[in-house]
Amino acid sequence: MSGTVRRSVVTGTGSALPKRLVTNADLAREIDTTDEWIVERTGIRQRYIAGEGETTATLATDASRKAIEAAGLTADQIDVIVLATATPDQTFPSTASKVQEALGCKNAYAFDVAAVCSGFLYALGTADALLHRGMGKRALVIGAETFSRILDWEDRTTCVLFGDGAGAIVLESREFPEADAATVPGIIATRLHTDGEHNELLYVDGGPSTTQTVGKLRMRGREVFRHAVVNLAGVLEEVLAETGHAPAEIDWVVPHQANARILDATAKKLGLSPDRMVKTVELHANTSAASVPLAFDLAVRDRRIQPGHLVMLEAMGGGFTWGASLLRM
Ligand code: UT7
């Protein structure tokens, strides 16, 4: 429509963590590792691990309830639910449909998106596109994982790195005068990438159609690290170029929380100030698709992220998949 611009605006955020907190020292009692090694190599100090009765769907439901409440909505006002996970409750139905039922979002269609640690960016891009196409006015976008259930607890090179959790946001499609496009809230641009060539660097060694088992996570960390810094810097530059924004204009970067060293290296490569990066890796470890919305919710609730702020979300994970999204609050 001429004279107006349509944007998917973030109207609420929420997050949820399992009850059980596991510190590095707790792990060092069971596994051949040390708090010192984990902190120095990753920045991680603790993680939350799902217990009995806690699943990807229950965590997603708790996070979503808070996001819907923060948006000032009731469950029946949600039109679409897009849930990113690599650890669904069951192979099918989708975890999104379990969340839809648990929340009572009876007017929403719901489905899962699988892009591992980049899943939330993929879910966000998908939901934004659906809203632009008029396939609903309000979307619930969730990243939720219980990676503890696909970890090989005998493999110290991977099991210390991950945690469980969920984060959610509500998007609402709104129209603004085109003349105000530079300052109005909402998602400005999203870029997504996949390169299937490197899937042997980060994968799960099982699945319904291959082994008929769930499988365990396998990762060649050093190689993934190298690709992560290059790919993330690349996609961030792409989004900045597309939107015409300079790194200095970004109020907050909310990155995927895999490793504090990746965050620092990416910030340095782009000339972003490290104190503009929301860092939660020490608190939550790597929660895969949940890590971006978990960190986002934390920074919204502690009021670091304010209305009007320019916020960049970014993630990279198995596939490889990676992406970034620039939005104004
Ligand atoms: O979320 C998806 C994206 N994922 C990522 O972005 C993860 C990217 N990768 C990383 O974050 C890092 O590569 C790791 C944290 C996984 C590993 O750090 P690193 O500095 O690359 O260590 P490394 O794999 O090169 O291992 C160094 C040493 C090895 O010993 P040697 O061979 O040098 O004697 C490992 O055996 O550290 C040893 N090691 C450990 N020691 C104590 C590996 N894991 C542990 C451990 N505790 N848990």
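We number each residue from 1, following the sequence as shown. First listed ligand is number 1; within each ligand, the first listed atom is number 1.
For atom 6 (O) of ligand 1, the closest non-hydrogen atom on the protein side is I262 CD1, 3.2 Å. Nearest protein neighbour of atom 4 (N) of ligand 1, counting heavy atoms only, is V224 CG1, 3.6 Å. For atom 27 (C) of ligand 1, the nearest protein heavy atom (residue, atom name, distance) is R41 NH1, 3.4 Å. In terms of protein heavy-atom proximity, atom 35 (C) of ligand 1 is nearest to R156 NH2, 4.1 Å. Summary of contacts: the protein heavy atom closest to atom 16 (C) of ligand 1 is L161 CD1, 3.6 Å. When hydrogens are left out, the protein atom nearest atom 47 (N) of ligand 1 is T33 OG1, 2.6 Å; that is the closest non-hydrogen contact. Nearest to atom 9 (N) of ligand 1 among the protein's heavy atoms is G221 O, 3.0 Å. Of the protein's non-hydrogen atoms, the one nearest atom 23 (P) of ligand 1 is R222 NH2, 3.7 Å.
Heavy-atom proximity to N286, at under 4.0 Å, picks out these atoms of ligand 1: 1 (O), 2 (C). Taking every non-hydrogen atom of V160 and a distance limit under 4.0 Å, the qualifying atoms of ligand 1 come out as 48 (N). Those atoms of ligand 1 that come under 4.0 Å of a heavy atom in M316, given as number and element, are 2 (C), 3 (C).
Residue T42 has no nitrogen or oxygen atom sitting less than 3.5 Å from a nitrogen or oxygen atom of ligand 1, judged on distance alone.
To the nearest 0.5 angstrom, Y48 atom OH is 12.5 Å from R20 atom CZ.
Pairs passing the salt bridge (Lys or Arg N to Asp or Glu O under 4.0 Å) check and including a residue from residues 254-275, sequence neighbours excluded, read D264-K279.
The heavy-atom pair separating N199 from G319 by the smallest distance is CB-O, 3.5 Å. When all heavy atoms are compared, the tightest approach of D112 to P88 is OD2-CB, 4.4 Å.
When each of T87, T56, T55 is paired with T95, the side chain to side chain contact (heavy atoms under 4.5 Å, CB included) condition holds for T56 and for no other.
When distances from atom 33 (O) of ligand 1 to the protein are checked, no heavy atom turns up under 4.0 Å. Put simply, atom 30 (O) of ligand 1 has no protein non-hydrogen atoms near it, under 4.0 Å away.
Residue M219 touches ligand 1 through its side chain alone, judged by heavy-atom distances below 4.0 Å. Only the side chain of N259 comes within contact range of ligand 1, with a heavy atom under 4.0 Å; no backbone atom does.
When only modelled atom types and interatomic distance are considered, Y122 and T194 share a side-chain donor-acceptor pair under 3.5 Å. Looking only at atom types and distance, the side chain of R47 has a donor-acceptor partner in the side chain of N24 under 3.5 Å away. Side-chain N/O atoms of R218 and T158 include no donor and acceptor closer than 3.5 Å.
Remark: E223 does not engage R226 in a salt bridge, criterion side-chain N to carboxylate O under 4.0 Å.
By the side chain to side chain donor-acceptor pair (under 3.5 Å) test, R191 is found to be paired with E238, E242, residues two or more places apart in sequence or in another chain being considered.
Contact between L202 and ligand 1 is present, with at least one heavy atom of the residue lying under 4.0 Å from the ligand.
In this pair, W322 and H193 present their aromatic rings parallel. The plane angle is below 30°, not in the 30 to 60° band.
Across W37, F225, F147, heavy-atom proximity to atom 39 (N) of ligand 1 is greatest for W37. The residue among A28, S118, A258, C117 with a heavy atom at the shortest distance from atom 2 (C) of ligand 1 is C117.
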